[in-house]
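Below is one structure; the comments refer to it alone.
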Amino acid sequence: MSPKAYRPEEDPSQEHQSQAASIETPSVTASPLADASDEIKLAVDLIYLLETHAIAPQVALDALAIVSADLRAKIAASEDDTA
């Protein structure tokens, strides 16, 4: 199951709701992320996932380094297969 994109209107925290109430928003129906690149959408999803699970920043960075190394190895292997 993939994480849902962060949508402030779905955030159950009282702090966020009080902040959202004090911010004047334009009358636009589309999400600001609707036109964002896939990289931005994924980054927002990952940040939301890390924050909702209260992952310590250093733990998240260490895990992302492992993920980055794994993905780079996969890219290198796929380039070797096509060469």
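All residue numbers refer to positions in the sequence shown, counting from 1.
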Residues in salt bridge (Lys or Arg N to Asp or Glu O under 4.0 Å) contact with Asp70, at least two apart in sequence or another chain: Lys74
Interatomic spacing from CD in Glu51 to CG in Leu46 - rounded to 0.5 Å: 11.0 Å
Interatomic distance, Leu42 atom CG to Ile47 atom CD1 [nearest 0.5 angstrom]: 9.5 Å
For Ile55, side chain to side chain contact (heavy atoms under 4.5 Å, CB included) partners two or more places apart: Leu50, His53, Val59, Ala60
Donor-acceptor under 3.5 Å (Thr52 side chain, Tyr48 main chain): yes
Contacts under 3.5 angstrom, residues 75-83 side chains, donor-acceptor by atom type, not counting sequence neighbours:
residue: Ser78; atom: OG; partner: Ile75; partner atom: O; Å: 2.9
residue: Thr82; atom: OG1; partner: Ser78; partner atom: O; Å: 3.4
residue: Thr82; atom: OG1; partner: Glu79; partner atom: O; Å: 3.0

